[in-house]
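This report refers to the structure that appears directly beneath it.
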Amino acid sequence: MDWKAELAATNKNLDSFRAVNPDAGKGFSTLYVNTMKPSALGAKEKELIAIAIGIYSHCSDCIGFHVKGGIRAGMTREELAETVGVTMMMGGGPAFMYGAKALEAFDQLSA
């Protein structure tokens, strides 16, 4: 998968949705911004949690966006790999498959 192209296509789809339902789009954006602000947990830790949930939920787009955010927050490949391991313990084989996608995303988006 070309992660940059995938995220660009997803952003285009999200923009189309926001054009039709701007209130829902703004509501989610407000929730996202306020939730991801560093507080008791830092930005990197919050991104790792979001990646784990994206893996567990089998959401490639969530994985891509939060890997990108994790990279911006200073996440290392090793931290991501450890997060994938914990997610695998909780989610089994499907988490392993989507966890591998998360590492692929990291390699492409951090290059």
Side-chain angles (χ1 to χ4, degrees):
M1 174 184 303
D2 179 339
W3 285 94
K4 290 179 182 178
E6 179 69 22
L7 295 181
T10 300
N11 273 324
K12 184 177 176 184
N13 290 335
L14 293 173
D15 289 343
S16 293
F17 175 81
R18 287 183 186 105
V20 175
N21 193 339
D23 290 340
K26 285 179 188 175
F28 183 81
S29 294
T30 298
L31 175 64
Y32 173 83
V33 167
N34 288 315
T35 301
M36 296 306 283
K37 286 180 186 174
S39 187
L41 295 174
K44 179 172 64 174
E45 290 77 16
K46 289 183 177 191
E47 293 292 358
L48 289 166
I49 291 167
I51 292 165
I53 294 169
I55 291 168
Y56 190 82
S57 300
H58 309 151
C59 180
S60 294
D61 294 325
C62 296
I63 291 166
F65 284 119
H66 290 290
V67 165
K68 191 173 177 179
I71 292 166
R72 279 194 310 265
M75 173 186 74
T76 66
R77 193 172 195 273
E78 292 75 21
E79 289 168 329
L80 176 57
E82 194 164 327
T83 300
V84 169
V86 173
T87 310
M88 286 170 51
M89 179 206 43
M90 298 300 291
F96 189 14
M97 301 303 116
Y98 279 82
K101 290 177 185 288
L103 285 174
E104 176 189 57
F106 181 91
D107 291 342
Q108 288 182 24
L109 296 171
S110 64

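Quick caveat, the model's predicted, so the values are computed rather than measured.
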**Message:** Restricting to side-chain contact (heavy atoms from CB on, under 4.5 Å), what partner residues turn up for Glu104, sequence neighbours left out?
**Reply:** Met1, Trp3, Gln108

**Complete:** Members sharing Met90's hydrophobic cluster, built from side-chain contacts under 4.5 Å between Ile, Leu, Val, Met, Phe, Trp and Tyr, are Val86, Met89

**side-chain contact (heavy atoms from CB on, under 4.5 Å) between Ile55 and Met88, worked out** = CA-CA 9 Å; Ile55 291 168; Met88 286 170 51; over 6 Å; no

**Request:** Using the ring-ring contact (aromatic ring centres under 6.0 Å, His included) rule, collect all pairs that involve residues 7-62, keeping only residues at least two apart or in two chains.
**Result:** His58-Tyr98

**Item:** Pairs satisfying ring-ring contact (aromatic ring centres under 6.0 Å, His included), at least one member in residues 62-95, at least two apart
**Value:**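 Non-adjacent pairs meeting ring-ring contact (aromatic ring centres under 6.0 Å, His included): zero.
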
**Prompt:** Sub-3.5 Å donor-acceptor pair from the side chain of Lys101 to the main-chain atoms of Ser60, do we have one?
**Reply:** no

Atom [atom1] of [X] and atom [atom2] of [Y]: how far apart are they, to the nearest 0.5 Å?
X	Y	atom1	atom2	value
Ser16	Asn21	OG	CG	13.0 Å
Leu14	Asp61	CG	CG	7.5 Å
Asn11	Glu6	CG	CD	10.5 Å

In one Ile/Leu/Val/Met/Phe/Trp/Tyr side-chain cluster, 4.5 Å: [X], [Y]:
X	Y	answer
Ile53	Met97	no
Phe96	Leu48	yes
Met36	Leu7	no

**Request:** Grab the two heavy atoms, one from Val84 and one from Ala102, that are nearest each other, plus how far apart they are.
**Result:**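 In this case the closest contact between Val84 and Ala102 is CG2-CB, 4.5 Å.
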
**Asked** Which heavy atom in Met75 sits nearest to a heavy atom in Ile51, and how many Å separate them?
**Response**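 Between these two residues, the closest heavy atoms are SD-CD1, 3.7 Å.
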
**Item:** Of all pairs that satisfy side chain to side chain donor-acceptor pair (under 3.5 Å), the ones with a partner from residues 67-86, not counting sequence neighbours
**Value:** Lys44-Glu79, Thr76-Glu79, Arg77-Asp107

**Message:** Test: salt bridge (Lys or Arg N to Asp or Glu O under 4.0 Å). Region: residues 13-39. Which pairs qualify, not counting sequence neighbours?
**Reply:**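 Residue pairs with at least one partner in residues 13-39: Asp15-Arg18.
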
